[in-house]
Structures are given as C-alpha cells and as structure tokens.
There are 2 protein chains.
Amino acid sequence: MSSSNSPAEAGGAAAIDVDRALMATLARDGRASFTELAERVGLSVSAVHQRVRRLEQRGLITGYRATLDATQLGLPLTAFVSITPTDSQTDDAPALLAHLSAIEECHAVAGVESYILKVRVASPDALEALLKEIRSAANVTTRTAVVLSTSYEDRPPI
Amino acid sequence: MSSSNSPAEAGGAAAIDVDRALMATLARDGRASFTELAERVGLSVSAVHQRVRRLEQRGLITGYRATLDATQLGLPLTAFVSITPTDSQTDDAPALLAHLSAIEECHAVAGVESYILKVRVASPDALEALLKEIRSAANVTTRTAVVLSTSYEDRPPI
DNA sequence: TGTGAAAAATGGGGCGC
DNA sequence: GCGCCCCATTTTTCACA
C-alpha cells in the first residue's frame with residue numbers, strides 16, 4: 001500500500017466490490033459467520049477471514065455493536081439538544097458534558113448553535129433535569145427538539 | 001413471564017444486573033464470545049447463552065451491527081437537516097425521502113421544524129445536491145447544520 | 001491474494017438439579 | 001434458572017499455489 005494508492009493494482013475493482021459487500025453484510029448482521037460471508041461473495045472462508053481482518057486493521061470496520069432497545073431499557077424519550085456557549089472564552093462543552101451518560105452523541109456544528117447533542121432519557125422530568133445540568137455544567141443555552149417518532153435510525157452508509 | 005412483571009420473582013435484582021452487564025458488554029463488543037461473557041458475569045456459558053437468547057427474543061437486543069468508518073468510505077461530511085413541510089396537507093416526508101441512502105436517520109420532532117435528518121455525503125457539492133433533492137422530493141424547506149467534528153457518537157444507553 | 005485442510009475454540013441443545 | 005456433557009459448526013492458522 002505504500003507504493004500505490006490505486007485500487008486497481010491489487011486485484012482491481014472486483015476486490016473493492018467484495019470488500020464493500022462484506023462491509024454491507026456485516027453492517028446489517030454483525031454476527032454473520034465467515035461461512036455465510038464466504039457464500040455470499042463467492043470466496044473461500046479463509047479468504048474472507050483475511051479480508052475482514054484487514055478491513056478491521058485498516059479501520060474501515062471500527063467495531064461491532066449490539067443494538068439495544070432504549071425504550072425497553074427505560075429510556076423512551078429521545079431529544080436533540082442544540083447548545084450555544086454563553087461564555088465565548090472557554091468553549092469546551094464536549095469535555096464538560098462527557099460524564100452525562102444520557103448524551104449519546106455530541107457533534108460540533110456550523111450553524112446558529114455550536115453543538116448538537118442527541119440524548120435519551122426516562123421522562124420529561126428527566127429531560128428537564130438533564131437540560132438544567134447541561135446548562136450549568138457547560139455554561140450554555142439550549143434549544144431542544146423532542147423526538148416524537150423515529151422513521152429510521154442507524155441505516156448503514158453502504 | 002406471563003404470570004408476573006416483577007423482576008424479583010425470577011432471580012431478584014441480581015438477575016437484572018447480570019442482564020444489564022451482558023447488554024452493556026455486547027453493546028461495546030457485539031462479537032464477544034459466550035465464554036468471555038460468562039467469565040465477566042460469573043455464570044456458566046450455557047446460562048449466559050440462555051440469557052442472551054431471551055434478551056434477543058424479548059427485543060431488548062434488537063440486532064448486531066458492524067460500525068463502519070464513513071470517512072474512509074468516501075462520506076466524510078455529516079450534517080443535520082431540519083425540515084419543515086411547505087404544504088401542510090400532505091406531510092409524509094419520511095416515506096418520500098426513504099429512498100435517499102444518504103439519510104442515515106429520520107426523526108419526527110416537536111419544535112420549530114417537523115423532522116430532523118442525519119445525513120452523510122461525500123462533499124459540499126453532494127450536500128447541495130442532496131438538499132435540493134430533499135426539498136423537491138418532500139416539498140419542504142430545510143435548515144442545515146454541518147458537522148465540523150464529532151466528540152462522541154453511538155455511546156450505548158447503558 | 002486465494003485455496004484447502006487441520007487444530008483450537010465456540011455455538012447450540014439436552015439432562016439433572 | 002443454573003451447571004455440565006456432547007457434538008456440529010465455526011474460527012483461526014498453516015503450507016502451498
């Protein structure tokens with residue numbers, strides 16, 4: 001890989017298609033066996049094993065996760081919280097909020113606000129408490145969009 | 001489980017802690033072996049196997065996914081798109097937008113706008129094209145927050 | 001890279017408690 | 001609901017092409 005960036009050098013376009021097929025399959029079923037993957041792409045089990053290990057090492061596959069039902073876990077309420085720092089000097093909201101496990105995602109964004117958080121809580125009361133905690137911990141103002149329903153979530157990028 | 005909803009009946013609070021530990025472990029490593037899970041919670045492999053199967057059947061574990069690096073897949077640009085229907089009569093934006101694979105999530109929300117989308121694209125040009133497509137396909141106005149950096153994403157709810 | 005086979009580990013189910 | 005035994009399947013590694 002040090003001598004070329006061209007995908008054509010080491011197997012051609014078909015190799016990329018195979019890798020994409022493997023990733024697409026694993027993105028939808030993270031416990032798919034190598035046997036199943038091998039049948040799907042038409043290669044031997046060990047060839048597939050080798051390819052998947054390389055995808056992991058190269059960081060294309062970053063990990064494997066079980067997905068949990070937040071509602072059944074007692075966290076039926078999802079919201080997007082956009083925050084704006086009050087004090088423009090010390091803008092380290094992500095670090096100040098990292099300990100709040102209700103926060104599932106934290107993105108810095110360009111737009112009216114500085115950060116967007118995705119949070120999951122047990123109830124409106126819990127959301128109110130969380131918002132108060134966010135405001136005081138990170139010295140920010142908040143704007144909240146409560147999720148009413150989710151049409152789709154976690155659709156794989158490929 | 002049909003005779004009682006009380007967790008205390010079938011093993012007490014410890015059973016819940018074990019299940020939570022299993023879910024927390026699998027949420028972080030979806031390919032953890034039953035042997036590894038058994039060691040972690042101090043039960044036999046078959047007991048763990050039994051518990052995980054029940055968690056799957058009850059829908060607490062909804063599936064297993066490999067997580068992919070969108071940037072390495074050629075989708076380095078993430079954005080949150082808030083949309084408002086122009087025509088208040090036919091508000092079926094999620095269905096009208098489902099075919100756009102760049103849309104990773106679609107939530108109906110209470111707030112200024114009606115829906116929030118999370119999208120991943122290859123470039124600013126691709127984002128512009130996607131926004132045009134969203135507006136014309138679903139008859140909506142859009143407000144976009146481009147993600148500059150992501151502090152954390154996909155933190156498990158437990 | 002890919003293939004095939006062999007060794008090590010795991011998955012999956014039944015039985016007694 | 002848990003622990004133990006058994007066996008099919010899978011994972012993982014190897015030499016060879």
Side-chain angles (χ1 to χ4, degrees), chain A residues 1-68 72-73, chain B residues 1-68 72-73:
Chain A
M1 63 178 168
S2 58
S3 63
S4 170
N5 293 320
S6 166
E9 177 160 314
I16 294 180
D17 291 342
V18 168
D19 283 343
R20 287 183 73 88
L22 293 174
M23 288 187 284
T25 302
L26 286 169
R28 287 164 183 77
D29 177 10
R31 299 211 105 169
S33 69
F34 289 100
T35 307
E36 186 183 330
L37 292 170
E39 288 171 3
R40 187 176 292 258
V41 300
L43 286 179
S44 68
V45 171
S46 37
V48 168
H49 184 260
Q50 213 171 143
R51 279 174 176 274
V52 171
R53 275 218 331 178
R54 274 184 36 205
L55 290 171
E56 290 167 357
Q57 287 173 345
R58 291 182 181 176
L60 278 145
I61 295 175
T62 56
Y64 299 87
R65 303 276 172 93
T67 55
L68 306 177
Q72 285 203 54
L73 287 169
Chain B
M1 62 177 166
S2 58
S3 62
S4 170
N5 293 320
S6 166
E9 176 160 314
I16 294 180
D17 290 342
V18 169
D19 283 342
R20 288 183 73 89
L22 293 174
M23 289 187 284
T25 302
L26 286 169
R28 287 163 183 77
D29 178 10
R31 299 210 106 170
S33 68
F34 288 99
T35 306
E36 186 183 331
L37 292 170
E39 289 171 2
R40 187 176 292 259
V41 300
L43 288 180
S44 70
V45 172
S46 42
V48 168
H49 186 264
Q50 211 172 137
R51 281 172 175 275
V52 172
R53 272 218 331 178
R54 275 184 35 204
L55 290 171
E56 291 168 357
Q57 287 173 345
R58 291 182 181 177
L60 277 147
I61 295 175
T62 57
Y64 299 87
R65 303 275 172 96
T67 55
L68 307 178
Q72 285 203 54
L73 287 170

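Residue B:T35 places at least one side-chain N or O closer than 4.0 Å to OP1 or OP2 of C:dT10. In this model, the phosphate group of D:dT10 is not approached by any side-chain N or O of A:R31 to a distance below 4.0 Å at OP1 or OP2. Between B:H49 and the phosphate of C:dG11, there is no side-chain N or O to OP1/OP2 separation shorter than 4.0 Å. Contact annotation: A:R51 side-chain N/O to C:dG2 OP1/OP2 distance is under 4.0 Å.
The B:F34 side chain lies nearest to C:dG11 when the options are C:dG11, D:dT12, C:dT3. The side chain of A:S46 approaches C:dG4 more closely than any other nucleotide in the set C:dG4, C:dG2, C:dT10. Nearest to the side chain of B:Q50, among D:dC2, C:dG11, C:dG2, sits D:dC2.
At least one donor-acceptor pair closer than 3.5 Å links the side chain of B:R51 to the backbone N or O of B:A15. Side chain of B:R31 to main chain of A:G30: a donor-acceptor pair is present (N/O by atom type, distance under 3.5 Å, no hydrogens or angles). Checking side-chain atoms of A:T67 against main-chain N and O of B:G63 turns up a donor-acceptor pair under 3.5 Å. The closest donor-acceptor contact from the side chain of B:Q72 to the backbone of A:R58 lies under 3.5 Å.
One can place CG of A:L37 at 12 Å from P of D:dT12, the figure rounded to the nearest angstrom. Atom P of nucleotide D:dA8 and atom CD of A:E36 are separated by 21 Å, given to the nearest angstrom. In this structure, A:R53 atom CZ and D:dT13 atom C1' are separated by 9 Å, rounded to whole Å. Straight-line distance from the CD atom of B:E39 to the C1' atom of D:dG3: 16 Å, rounded to whole Å.
As judged by a 4.0 angstrom heavy-atom cut-off over every strand, A:A47 is placed among the base-contacting residues.
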